[in-house]
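The figures that follow rest on heavy atoms only: side chains count, while hydrogens, waters and symmetry mates do not. Letters A, B, ... mirror the listed sequences (proteins, then strands); counts begin at 1.
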Amino acid sequence: MAKAKARKLKLEAQDGEGEFTPRIDVEIAGIHFQNPVMTASGTFGYGQEFAHLIDLNRLGAIIVKGISADPLPGNPAPRIYETEAGMLNAIGLQNVGACTFLEEKLPFLRTLKARCIVNVFGYSTEDYVRCIEILNAGEGIDAYELNISCPNTRCGGIVYGSDPKLTEEVVAASKRAARFPLIVKLSPNVTDIGVFARAAEAAGADALSLVNTFVGMAIDIETRRPRISNLTAGLSGPAIKPVALRLVYQATQAVRIPVIGIGGITSAEDALEYLIAGAQAIQVGTANFYSPDTSLRVIDGIRDYCLRHRLHLAQLIGSLKHGVNGAGEH
Amino acid sequence: MYDEMAQVVENRPLAGRHFLLSLYSPKQARAVRPGQFAMIRLPGRSDVILRRPMSIYDVRSRDLKGGYGLERHGQRPAVLQVLYKVVGRGTRLMAELTPGDRLAVLAPLGHGFFPEEYLAQARDASEVLLVAGGIGIAALLMPARDLARQKIPQRLFFGGRSRHDLVGLSDFKPLVEAITLATEDGSRGYRGYVTAPLAQYLEQRCERRFLILACGPMAMLQVTAGLAERYNHPCLVSMENRMGCALGVCLGCSIRVQGEGHAAYERVCTEGPVFWSNHIVWDP
Ligand SMILES: Cc1cc2nc3c(=O)[nH]c(=O)nc-3n(C[C@H](O)[C@H](O)[C@H](O)COP(=O)(O)OP(=O)(O)OC[C@H]3O[C@@H](n4cnc5c(N)ncnc54)[C@H](O)[C@@H]3O)c2cc1C
Ligand SMILES: Cc1cc2nc3c(=O)[nH]c(=O)nc-3n(C[C@H](O)[C@H](O)[C@H](O)COP(=O)(O)O)c2cc1C
Ligand code: FES
């Protein structure tokens, strides 16, 4: 009896699959993305490094390593340390600088079907504006992601990301300068994410992305020295996912502009949680390091899920129900 | 560089918590050059996420024939070998691998011992000195075989904490003219650091020109680099650093090198792991 029912269900599902093709494309800040899966800044280089490992044309977008107006050398070693299901990093925003990026990195990115988003970093509002002014000349840039949340630069972004007034100031100035839509990347290291989400929205952000890394530490007990030269470092990877998911959910509740979810995503299931919580798109970060095909698996998994549930992505986004399984609703 | 699922052929325990891991992966094995490394992902444990960098110790045929045996039988390499020491969470998991297990391996990585350059330098030298500290030995077997094939005389200086750290000696014996051993506890060879007998050797042969290839702990490499500079010999060092990706994107493996501003750091995974010793800033 139960067996027959199960078979019937399976057949129905198969019939359904034949007719239904889920749409998983999204539009954010006026830009069309073929799917909601992006690679997070600082974890995917300038894209080309992965060209021989995965099909870059299948990605929704590539977000390049944080670019500053002038090249930056970064912090002394050691810069990274693996923790339980995560890693600490204090790279210090080593990057080639805006001009070299335009000359050497952008031409390749321009040839891809994946959108190109440039992560922008500075030490002062003038730095951000100057960097954006240089990058404005770039053909093939689809949007900027303003990094006001890096925890690894002493007098830098974190100050902006943890003061709502400064957040408004730098976002407003960057928005005025920017020729392309502006996504603002928020820090999780704040008491009330809603305050910062609203500050960025009020200052003209076209979208938000979060989270950047959580400030953390690790100590070698034998030498009694910090594991990372910078003392504190940013925590990323699977370990941060539940906390990041909560922050993304709260941000989506605080603003009208689209929110892009980031933090510990290693599978389609992880990504789906963010989408159901209200994120319009997601970014894969640390997982790129140890499993370069993660983003592609996430794309396939999202499509399979939508097919199975006969939903288009747009119907899924923000579809979180209230109450828990077994407590009345299913 | 290929990202492959490789199958464990053998995971042989050696002395002192060392293991020799043999992985069946023909495409990768054929592409390896001396001094290159692999990134190994440990399966089934989600809390150890990053892959671990391991030098490629040797390449073998499917039935684990190696070295001259391989060439004599006209066989092509199909197996990657990794010589490792259990030091922490990841290597402890590696020690549990058994034949048939499959794991993700990214290899070969890094540019290794600059192929043309080091052989040219080696031919100019009266002898190549291989200097290994502990598990650093793992990076030196493939270049040693390369040099032996070219009939370039070489000598191994090998140091460890105790005699249990002196693994792989039988692989080197047919390739080198002489081996000098040192242990910190005096259980074999000189008592003390291997750089002491190396210094003595260089001091007594000031008029000769050597090429030094070194791999081991940072402190040993620094002293070796200092000796090379003092006696004016070219020296290549294979560096270690923590690695996040080995693809050149995380910038976690960068070390200080001669250069200003943005050029002050280079990545061990892509610009290395082998560097000329005078290119490195040893006391940043
Ligand atoms: C290019 C390269 C080649 C290497 N080749 C070999 C090899 O052939 N055989 C071998 O046994 N080891 C090799 N290593 C070192 C090896 O990668 C580390 O021993 C290993 O990653 C430790 O992992 P774990 O999880 O067991 O230790 P963890 O728990 O991560 O750490 C244990 C201890 O090892 C140190 N450590 C962690 N990662 C590294 C690292 N990448 N380099 C140096 N120390 C580290 C930590 O600081 C800590 O003190 C190589 C490293 C590099 C960069
Ligand atoms: C090594 C490393 C470098 C990073 N560099 C940047 C950067 O340059 N700019 C930025 O906005 N975020 C940077 N990030 C943060 C990631 O983009 C991402 O927000 C964070 O890692 C959380 O996602 P994850 O858990 O999926 O890694 C970096 C993260 C790591 C691990
Ligand atoms: S290990 Fe990531 S850049 Fe070298």
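The closest side-chain heavy-atom distance from A:F50 to B:V249 is below 4.5 Å. In this structure, the side chains of A:N89 and B:C250 stay at 4.5 Å or more apart for every pair of heavy atoms. Side-chain contact between A:N288 and B:L247 is absent, with no heavy-atom pair separated by less than 4.5 Å. Using a 4.5 Å heavy-atom threshold, the side chains of B:L251 and A:K65 count as touching.
A pairwise comparison of heavy atoms in A:P292 and B:D3 identifies CD-OD2, 3.7 Å as the closest pair. Closest non-hydrogen pair, B:I49 versus A:P238, comes out as CD1-CD, 4.1 Å.
Shown here is B:Y193, whose OH atom has no more than 12 heavy atoms of other residues, nucleotides or ligands within 6.0 Å. By the 6.0 Å contact criterion, CD on B:Q258 is enclosed, its count of non-hydrogen atoms from other residues, nucleotides or ligands being greater than 12. Within a 6.0 Å sphere centred on CZ of A:R110, heavy atoms belonging to other residues, nucleotides or ligands number more than 12. For A:R225, the CZ atom sits in a loose shell: 12 or fewer heavy atoms of surrounding residues, nucleotides or ligands are nearer than 6.0 Å.
Evaluated for a salt bridge (Lys or Arg N to Asp or Glu O under 4.0 Å) with A:E82, the options B:R242, B:R89, B:R51 yield exactly one hit, B:R89.
For A:T266, no part lies under 4.5 angstrom from a heavy atom of chain B. Of the atoms belonging to A:D293, not a single heavy atom falls under 4.5 Å from chain B. Within the 4.5 angstrom heavy-atom criterion, no atom of B:M39 approaches chain A. The part of B:R52 that comes within reach of chain A is its side chain, from C-beta onward, which places non-hydrogen atoms under 4.5 angstrom from that chain.
Looking only at heavy-atom pairs under 4.5 Å with chain B, the residue among A:V96, A:N95, A:T286, A:I80 that has the most is A:I80. Note: B:S254 leads B:A264, B:G261, B:S254 in heavy-atom pairs under 4.5 Å with chain A. When the candidates B:A246, B:C245, B:A263 are compared by the number of heavy-atom contacts under 4.5 Å with chain A, B:C245 comes out ahead.
Panel note: side chain B:H262, backbone A:Q94; no donor-acceptor pair is recorded below 3.5 Å.
To the nearest 0.5 angstrom, A:L72 atom CG is 11.5 Å from B:Y265 atom OH.
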